[in-house]
Protein chains: 2
Amino acid sequence: MTWLQFGETMDEKPHITTDEDVIPQVCRACEARHGGICSVLNGSQLAALNKHSAKRTIDPGTEVVGQGENVNTYSNILRGVVKLSKMMADGRQQIVGLQFAPDFLGRPFSRESSLTAEAATTTEICAFPRAAVERMIADTPGLEHKLYDQSLKELDEARDWMLTLGRKTAREKVASFLHLIATHIDPEADDGCTFDLPLSRADIADFLGLTIETVSRQMTKLRKEKVILVENNRHVTVPDIERLNEAAGND
Amino acid sequence: MTWLQFGETMDEKPHITTDEDVIPQVCRACEARHGGICSVLNGSQLAALNKHSAKRTIDPGTEVVGQGENVNTYSNILRGVVKLSKMMADGRQQIVGLQFAPDFLGRPFSRESSLTAEAATTTEICAFPRAAVERMIADTPGLEHKLYDQSLKELDEARDWMLTLGRKTAREKVASFLHLIATHIDPEADDGCTFDLPLSRADIADFLGLTIETVSRQMTKLRKEKVILVENNRHVTVPDIERLNEAAGND
DNA sequence: CGCCAGGTTGAAGTAACTCAATGAATGTGG
DNA sequence: CCACATTCATTGAGTTACTTCAACCTGGCG
């Protein structure tokens, strides 16, 4: 993506070591600097942002942002999985997105978020006050571009999932979910990957538009057909990712 | 949205009438200048873009961009409705978005579009070569912001629709669709609005993840319950939009 | 140990699908 | 102008995939 270098063309001064090059201590080992938002910020910008930042650990099931609430912090996800969901008045629920490290959490220029964000697993985030982030966006075109880029990625994922929700069978849905997790958790190793499911059966059901029972039944079917191996309900091994992909209905 | 004025703060010179203020003839009456992409461009920018622009009329059912094709033009929708859809290898199809005037069509920085865009109604577009648009994006922060804003809007819509696809009943789905069209076609007049459906029953089914027959049955049910009036299969009147909204399951 | 939450399994019910026939609107050629 | 084909929508009858309801595991913990 030539595009992503956009921000860098903005400061073409001769290169002397300055504040801008010094990465703050806390950021050195941070996930978000590789691929995350912070990857487009220089040392002094990271330092400025860090004056107001707060690392937080969030337990599974805890809300990060409530539906309709006014968001006044933005965060980077450092570890764990966050589920974004919508609920109807009568309690029916749909998970509309999963976010993994190092995704950015929070809606820049929120027309009030109509989502609930909840930790699915134990999650670590690095939170920034709204104002600081927005000031930085205004100063750094590369940052806004990075955010735009993430939202396009999320849009792609949302639309992929619409196909799954609207047109796939229960079996294909469950396989699609497993495939999604397999490719997000275990980045490489395309043969024989293994992982822990970040979601309970109830969450999976809410993600797939199914009931818990149907998810369970399809899981056991896939298990009996040896498409997956399951231990302790949560730990899954995929011997052949391509067979799983087929079961998911992806040609 | 204070945000959208961002672009304007970039040129704060004393105001004398220049090229920049002169709106090209073709653009004067154009939809896209009000709310569309072009609203953030000045006269000389519009003129530059217009040197390469081409208005086209597209008949219903004609593809604008093929799934997996390399997109080399971007367009503004001036009139009509465009459907974005995905297809599985075995032919199952899902419409993942509808675009109305003055939406922007085409993916800036396409990681090849995985969508098919097809005119649902007779559609007029204003097409620009890819390079011209990308050059202009690089020069005009306000433009990229505008695009970002549209993609956030599309993301919201996609997620709303995921709830519809995953958790609503057939009746609620059809009502949701009618509500969507009612609010997009007939912008105001929130009581007693009337419109032509831009989609065939087959398209509606593909949008809702249902079959044609189920769509038809639910339409007749809603008609018998006087939630809607239908003439000629395509022309719909909604006497009470709030009743429709209720039927759609929105609290 | 007994309780509880999370998961599985079975049997019965139902919403939506499939298949098939019919109807309405539009166009074509004799 | 009328038969005829064609496309799009409606309606009915029978089937099925998923849900609902209920019982039953399994592992962790006071």
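Keep in mind that this is a model prediction, so the values were computed, not measured. Here is how names work: the chains are called A, B, and so on, in the same order as the sequence lines, proteins then strands, and each is numbered from 1.
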A:E213 side-chain proximity, nearest of C:dT9, D:dC18, D:dT11: C:dT9
Donor-acceptor pair between B:K86 and B:S114 side chains, under 3.5 angstrom: yes
Contact under 4.0 Å: B:N233 side-chain N or O vs C:dA25 OP1/OP2: no
Chi angles and distances behind the side-chain hydrogen bond (donor to acceptor under 3.5 Å, both in side chains) call for A:N76, A:K55: CA-CA 9 Å; A:N76 279 320; A:K55 278 203 186 179; over 6 Å; no
Minimum-distance nucleotide to A:A170 side chain [options: D:dC18, C:dA16, D:dT19]: D:dC18
side-chain hydrogen bond (donor to acceptor under 3.5 Å, both in side chains) between B:Q218 and B:E172, worked out: CA-CA 9 Å; B:Q218 297 302 330; B:E172 289 169 333; over 6 Å; no
Selection from C:dA16, D:dT19, D:dG12 that lies nearest to any side-chain heavy atom of B:R217: D:dG12
Side-chain donor-acceptor pair present, A:S151, B:S151, cut-off under 3.5 Å: yes
Minimum-distance nucleotide (side-chain atoms of B:T169 versus D:dC18, D:dT11, C:dA16): C:dA16
From C:dT8, C:dC17, C:dT9, nucleotide with atom closest to A:R201 side chain: C:dT8
Touch class at under 4.0 angstrom, heavy-atom based, for A:S200 against every strand present: sugar-phosphate
Nearest-Å distance for atom pair NZ/C1', residues B:K168 and D:dT19: 20 Å
